[in-house]
Amino acid sequence: FLKNSRDIAYFNQFRNVRGDNVGFQYNEAKSGNGGAIFSEGLISGQWENSRFDNNSARGDGGAIFAANYSAETLFSCRLHGNEARTGSGGGIYLGGPNSTLKMQNIVSHNNIDDTGGSELFIGADTYSDISTSDFVSEIQKSGNVLIKGEGKAHIISSTLKQLAILEDRKSTRLNSS
């Protein structure tokens, strides 16, 4: 998927999607969220060995926007140079209610946002399980990984540069550098 100017993969309501070795590059959501993928409403998406490079969204989720009961899984993926121009989650935005994100062996570098979580935004009423992943950016406006409200995160053996936790964070477990 190269240089498209609409939400590239728009998944809404009751779908299971799987992609292996997929490339999303230079795609743009000009008026909304999710530069490469917009996932909302009982969606299950699984992405393996895929790249999300230089995608952009006017709102949240420069590469991936997942909210409202979405379940996204990423294995061995790369996110680089994505931008949420007026929102959060330059790489990935996870919003509630009841959305989940599982990530393993992810490299997320130099994604940009406007309001928080340049690499990853974990919103209220969500759950994330992240292992052996690397979230580092030299160009963020706020923390690289931002966890807000009642969002729950379990992060193991991962590199997090400038983690920001806002509000009450009773359920965050970190075992990272």
Visitor: Any side-chain heavy atom of Ile43 sitting closer than 4.5 Å to one from Glu72?
Guide: yes

Visitor: Which atom names give the shortest non-hydrogen contact between Phe52 and Ile37, and what distance separates them?
Guide: CE2-CD1, 3.6 Å

Visitor: Only counting residues at least two apart or in another chain, list the ones meeting salt bridge (charged side-chain N to carboxylate O under 4.0 Å, His left out) with Asp134.
Guide: none

Visitor: Could you check whether any side-chain heavy atom of Met103 comes within less than 4.5 Å of a side-chain heavy atom of Ile92, counting everything from C-beta outward?
Guide: yes

Visitor: Got a donor-acceptor contact below 3.5 angstrom from the Thr132 side chain to the Gln104 backbone?
Guide: no

Visitor: Please report the shortest heavy-atom distance between Lys30 and Arg85, naming the atom on each side.
Guide: O-NH2, 4.0 Å

Visitor: Quick check for you: to the nearest 0.5 Å, what is the distance between Asn82 atom CG and Tyr26 atom OH?
Guide: 10.5 Å

Visitor: Less than 3.5 Å apart, any donor N or O on the side chain of Asn111 or Glu119 sitting next to an acceptor on the other?
Guide: yes

Visitor: Taking salt bridge (charged side-chain N to carboxylate O under 4.0 Å, His left out) as the test, write out the residues that go with Arg58, two or more places apart.
Guide: none

Visitor: Taking Asn27's backbone N and O only, do any of them form a donor-acceptor pair with Asn55's side chain (distance below 3.5 Å, no angle check)?
Guide: yes

Visitor: Are the side chains of Leu101 and Ile122 in contact, using a 4.5 Å heavy-atom criterion?
Guide: no

Visitor: Compare every heavy atom of Ala57 with every heavy atom of Gly35, then report the nearest pair and how far apart it is.
Guide: N-CB, 3.7 Å

Visitor: Where do Thr86 and Asp114 land on the side-chain hydrogen bond (donor to acceptor under 3.5 Å, both in side chains) test, with the steps shown first?
Guide: CA-CA 5 Å; Thr86 62; Asp114 187 54; over 6 Å; no

Visitor: Show the atom names and distances, to 0.1 Å, of all donor-acceptor pairs under 3.5 Å that link a side chain in residues 60-69 to residues at least two apart or in another chain.
Guide:
residue, atom, partner, partner atom, Å
Asp60, OD1, Ser88, N, 2.7
Asn68, ND2, Glu40, OE2, 2.6

Visitor: If you compare all heavy atoms of Gly89 against all heavy atoms of Ala84, which two are closest, and at what distance to 0.1 Å?
Guide: O-CB, 3.8 Å

Visitor: May I ask you to test the Phe135-Ile155 pair for a side-chain heavy-atom distance under 4.5 Å?
Guide: no

Visitor: Restricting to pairs with a member in residues 42-55, which pass salt bridge (Lys or Arg N to Asp or Glu O under 4.0 Å), not counting sequence neighbours?
Guide: Arg18-Glu48, Arg51-Asp53

Visitor: If you measure from CG on Asn21 to OG on Ser76, what distance do you get to the nearest 0.5 Å?
Guide: 10.0 Å

Visitor: Is the side chain of Thr73 donor-acceptor paired with the backbone N or O of Gln46 at a distance under 3.5 Å, no angle test?
Guide: no

Visitor: State which residues pass ring pair (Phe, Tyr, Trp, His ring centres under 6.0 Å) with Phe121; sequence neighbours excluded, sorted by chain then number.
Guide: Tyr93

Visitor: Is Asn110 close to His80 at the side-chain level, that is, under 4.5 Å between some pair of heavy atoms?
Guide: yes

Visitor: Just by modelled atom types, is the Ile106 backbone N or O under 3.5 Å from a matching donor or acceptor in the Ser133 side chain?
Guide: yes

Visitor: Roughly how far apart are Asn33 CG and Phe38 CZ, rounded to 0.5 Å?
Guide: 6.0 Å

Visitor: Quick one: side chain to side chain donor-acceptor pair (under 3.5 Å) partners of Asn49, sequence neighbours excluded?
Guide: Asp20

Visitor: Does Val17 share a hydrophobic cluster with Phe75, counting links as ILVMFWY side-chain heavy atoms below 4.5 Å and allowing steps through other members?
Guide: no

Visitor: Nearest 0.5 Å, please: how far is OG in Ser70 from CG in Leu94?
Guide: 8.0 Å

Visitor: Using a 4.5 Å cut-off on heavy atoms from C-beta on, say whether the side chain of Leu120 contacts that of Ser108.
Guide: no

